[in-house]
Number of protein chains: 2
Amino acid sequence: MNQIFSALSDPTRRAILTLLRQGEKSAGELAEPFHISKPSISHHLQTLKAAGLVLDDRRGQQIFYSLNTTVFQDVLSWMLEMTDRGESRQVSREEDNQ
Amino acid sequence: MNQIFSALSDPTRRAILTLLRQGEKSAGELAEPFHISKPSISHHLQTLKAAGLVLDDRRGQQIFYSLNTTVFQDVLSWMLEMTDRGESRQVSREEDNQ
DNA sequence: CTAATAATTAGATGATTGTCTAACTATCTA
DNA sequence: TAGATAGTTAGACAATCATCTAATTATTAG
């Protein structure tokens, strides 16, 4: 959990995740919009990957990254517990727990 | 938004928030469970307060801290948007690309 | 095999961060 | 007013972090 929150604490990494909402993208495509070097973006991607927030898939020379939504569920649960104030909570209104 | 995620990135601060789920607590009460100095906890509390995650209320010599759930809603929304994969809702473009 | 492209790894560096002790402010009570 | 208690602020320091350039790995095309 700590790894996840640490990964989410950087604005560039959150922006990368936002980009990935459009669908999978190669490391190069992810680097373009930013004014930081490609190695730096690569490093951020490793951080996100280590946290389980993204998945990677090499196809030829490119490595495609995509969101791993299951891990976001963990954070969502944590956040929901916070707003619930600790009462034993039933899976509220959205029971779409995939 | 950055301030919020930064505040959430530290394990001690998250533990403080978890403690506050039981209800408001004084700075001293919050410091007890940790083997960290009181000034350090105080500093963490300032960080949480600046992020809007907690509210403070001085009563006599003590200052009571409590969860500010409205701010958690912001993070929840962000997380939900991530799992939504970008359909329909406007992506509140938090930050930058730099 | 060689060159080119995509991406990562390595090593260095300046900035930020979490922690500490010491000193200070605020409040209550005798 | 003095002393005690609760908490914060100040200053220092080591560890972590985001970033860079240079070098390296992986893959494809000629």
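Letters A, B, ... are given to chains in the order of the sequence lines, protein chains preceding strands, and every chain is numbered from 1. Hydrogens, waters and symmetry mates play no part in the numbers below; they use all other heavy atoms, side chains included.
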Here the distance between atom C1' of dC20(D) and atom NE2 of His35(A), to the nearest Å, is 16 Å

Expected output is a numbered-order residue list: members of residues 37-46 of chain A with a heavy atom under 4.0 Å from any atom of DNA chain C. What is it?
Pro39(A), Ser42(A), Gln46(A)

For the pair Arg58(B) and Asp56(B), find out whether any cationic side-chain nitrogen is under 4.0 Å from an anionic carboxylate oxygen.
no

For residues 12-19 of chain B, please give each side-chain donor-acceptor pair under 3.5 Å, one per line with the distance, not counting sequence neighbours.
from	atom 1	to	atom 2	distance (Å)
Arg13(B)	NE	Ala7(B)	O	2.7
Arg13(B)	NH1	His44(B)	ND1	3.1
Arg13(B)	NH2	Ser6(B)	O	3.2
Arg14(B)	NH1	Leu8(B)	O	2.8
Arg14(B)	NH1	Ser9(B)	O	3.4
Arg14(B)	NH2	Asn2(A)	OD1	3.0
Thr18(B)	OG1	Arg14(B)	O	3.0

Rounded to whole Å, the CG-P distance (Asp10(A) to dT16(D)) equals 18 Å

Just how far is it from atom CG of Leu48(A) to atom OH of Tyr65(A), taken to the nearest 0.5 Å?
9.5 Å

Within the side chain of Ser77(A), is there an N or O that forms a donor-acceptor pair under 3.5 Å with the backbone of Gln73(A)?
yes

Would you indicate, yes or no, if dA7(C) has its OP1 or OP2 atom less than 4.0 angstrom from a side-chain nitrogen or oxygen of Ser26(A)?
yes

Within the side chain of Glu29(B), is there an N or O that forms a donor-acceptor pair under 3.5 Å with the backbone of Ser26(B)?
yes

Counting N and O atoms only, with roles assigned by atom type, does the side chain of Glu24(B) sit under 3.5 Å from a partner on the main chain of Leu20(B), one being a donor and the other an acceptor?
no

Between CZ of Phe5(A) and P of dC17(D) the distance, given in whole Å, is 16 Å

Check DNA chain C against residues 54-65 of chain A and give the residues with a non-hydrogen atom under 4.0 Å, in numerical order.
Gln61(A), Gln62(A), Ile63(A), Tyr65(A)

Under 30°, 30 to 60°, or over 60°: which ring-plane class applies to Trp78(B) and Phe72(A), parallel, tilted or perpendicular?
tilted

Atom-to-atom span, NZ of Lys25(A) to C1' of dA6(C) - whole angstrom:
17 Å

Checking Asn68(B) side chain against Gly52(B) main chain: does a donor-acceptor pair fall under 3.5 Å?
yes

Starting from P on dT21(D), measure out to CD1 on Ile36(A) and report it in whole angstrom.
12 Å

Leu48(B) has an atom CG; how far is it from atom P of dG7(D), in whole Å?
16 Å

